[in-house]
Amino acid sequence: MSAAEVKNLPQNLPSGASDIAHIVLTFDNNKLASALYGQFDENLARLEQKLGVDIRSRGNQLTIKGSSSAAEQARRALDNLYGILQKGTDIGQSDVDGAVRMAIASDDQLTLPTLERKGKVSAAQISTRKKTIYARSLNQDAYMRALERSELVFGIGPAGTGKTYLAVAHAAMLLERGMVERIVLSRPAVEAGERLGFLPGDMKEKVDPYLRPLYDALYDMMPADKVERAIAAEVIEIAPLAFMRGRTLAHAAVILDEAQNTTPMQMKMFLTRLGENSRMIVTGDPTQIDLPPNTKSGLVEALRILDGVTGMVTVRFNEGDVVRHPLVAEIVKAYDRDGKLARGLGVES
């Protein structure tokens, strides 16, 4: 039996209820079915809340009732989550939210040719020895596929959309598979309201706090001892952008984070470091520029200048892709509304 056996129940529906669907899913592994439902069926309750459907469980069988589209979306989400569990990965509420986003967007998803049955959600994934990450939104899916296919990728959007995390995960995967010889992670040392000179310690100690998100992502992807050894051997290099001048980065996965805080000259310098058999990923949020007043952002200028350049892919995230706490998405929306009002653009109802 496959992961889930789907059966549409015949119905005698009253007039005007023809859009109501009943779908029955039967799972072939009771233990995985229990993990799918969540403690006290909390995952099913979340699906009901997000999609407006009614889900009833009885052993390894689920009955979904709701509008045809919503019931099908719930089926897709459950199918996706069960597939993740089959691969040995635990799921939580953030995974449920991601599966719902992917199920809703799946009709518009541009997927690679596949032999999977029609209607199955085929989320992109990044696998390292320590963990496997699945796309939790359509834009994350597009981003992960772009990272796989393109030598230069720009990930643009608000905080919490996973653009830096996924970039580091992809770089770690390339290193593990021997597709690159090293990883180079960089950030401009521009701070919000402070100056490096006020911080204690030598240059490395001053810069490390700005690179901490990159360290955190690395430790999530690789065992801590391997990260430490790779850094000591300079297989993984974490350096401020200023240290990149004059270098050619070959056989490497190169990531520039917080790119909105580069100057145009710095951005050009960084992009021209791309060497043979290398991948370059640039991430940033043009709405959070910390450069001095009247200083142009190198990221904004690069996006304008390089628009249409063959071999470069830009993936733009929005508040709908925020995968942190749900309140983060609301905060991003509120600031975006305020910014539109300040620019006199009005706000959509």
Side-chain angles (χ1 to χ4, degrees), residues 3-4 36 72-73 75-158 160-180 183 217-218 220-222 253-255 257 279-283 311-324 329:
L36 176 66
E72 174 61 17
Q73 288 163 359
R75 182 196 67 75
R76 289 175 179 172
L78 287 161
D79 193 35
N80 184 8
L81 292 166
Y82 192 75
I84 292 173
L85 288 165
Q86 283 186 308
K87 294 175 182 177
T89 302
D90 294 333
I91 63 171
Q93 292 201 347
S94 59
D95 298 293
V96 175
D97 292 346
V100 169
R101 279 192 293 266
M102 292 298 295
I104 291 172
S106 62
D107 290 336
D108 300 322
Q109 186 181 9
L110 298 176
T111 59
L112 298 175
T114 174
L115 297 178
E116 294 169 319
R117 59 185 172 79
K118 186 177 180 181
K120 184 176 178 66
V121 178
S122 180
Q125 65 184 65
I126 297 173
S127 297
T128 66
R129 290 179 188 174
K130 193 170 179 182
K131 71 187 302 183
T132 299
I133 301 164
Y134 297 87
R136 293 180 177 177
S137 74
L138 191 60
N139 285 327
Q140 278 198 358
D141 187 271
Y143 186 53
M144 292 162 76
R145 293 175 191 275
L147 293 176
E148 206 170 290
R149 297 193 291 258
S150 304
E151 293 179 329
L152 175 59
V153 177
F154 282 76
I156 310 301
T161 52
K163 55 189 184 297
T164 299
Y165 189 80
L166 293 175
V168 175
H170 183 74
M173 182 185 71
L174 293 178
L175 183 65
E176 282 187 353
R177 294 182 180 180
M179 298 174 71
V180 297
I183 297 172
L218 272 175
D220 242 13
M221 299 303 133
M222 302 168 63
V254 190
I255 299 172
D257 190 33
R279 298 293 183 93
M280 188 169 276
I281 309 165
V282 180
T283 68
M312 185 199 89
V313 175
T314 300
V315 178
R316 296 183 183 273
F317 297 90
N318 55 53
E319 67 273 5
D321 300 301
V322 173
V323 294
R324 291 182 187 166

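Note that the structure is predicted; figures quoted are calculated from it, not measured. Sequence positions, counted from 1, serve as the residue numbers for this chain.
The number of heavy atoms from other shown groups lying within 6.0 Å of CD (Q93) is above 12.
One distance of note links CG of L36 with CG of L81; it measures 6.0 Å at 0.5 Å rounding. Going from atom NZ of K130 over to atom CE of M222 covers 10.0 Å, rounded to the nearest 0.5 Å. For the atom pair D257 CG and T164 OG1, the distance stands at 3.5 Å (nearest 0.5 Å). To the nearest 0.5 Å, atom CG of residue N139 and atom CE of residue M144 are 12.5 Å apart.
In this structure, the side chains of T132 and I126 stay at 4.5 Å or more apart for every pair of heavy atoms. A 4.5 Å side-chain heavy-atom check between I133 and Y165 finds at least one atom pair inside the cut-off. The side-chain heavy atoms of Q140 and L166, taken from C-beta on, include a pair separated by under 4.5 Å. Between K131 and T89, every side-chain heavy-atom pair lies at or beyond the 4.5 Å cut-off. Looking only at side-chain heavy atoms (C-beta outward), I156 and V315 stay at 4.5 Å or farther from each other.
The pair D141-R145 meets the salt-bridge criterion, since a charged nitrogen lies less than 4.0 angstrom from a carboxylate oxygen. A salt bridge links R136 with D95: the closest approach of a Lys/Arg side-chain nitrogen to an acidic carboxylate oxygen falls below 4.0 angstrom.
When every heavy atom of I104 is checked against every heavy atom of Q73, the shortest pair comes out as CG1-OE1, 3.8 Å. Scanning all heavy atoms of the two residues, the minimum distance from R129 to E176 falls at N-OE1, 3.0 Å. The two residues A253 and A171 have their closest heavy-atom pair at CB-CB, 3.8 Å. When all heavy atoms of P158 and K163 are compared, the closest pair comes out as O-NZ, 3.0 Å. Contact record, A167 with L147: CA-CD1, 4.3 Å, taken as the closest heavy-atom pair. In terms of heavy-atom proximity, V153 sits nearest to A146 at CG2-O, 3.6 Å.
Side-chain atoms of T161 and D321 form no donor-acceptor pair, as typed in the model, at a separation below 3.5 Å. Judged by distance alone, the side chains of Y134 and N80 never bring a donor and an acceptor atom under 3.5 Å apart.
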Going through the checks in order, is the side-chain contact (heavy atoms from CB on, under 4.5 Å) test met by I281 and V254? CA-CA 6 Å; I281 309 165; V254 190; over 6 Å; no
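Without hydrogens or angle criteria, T128 side chain to M221 main chain gives a donor-acceptor distance under 3.5 Å.
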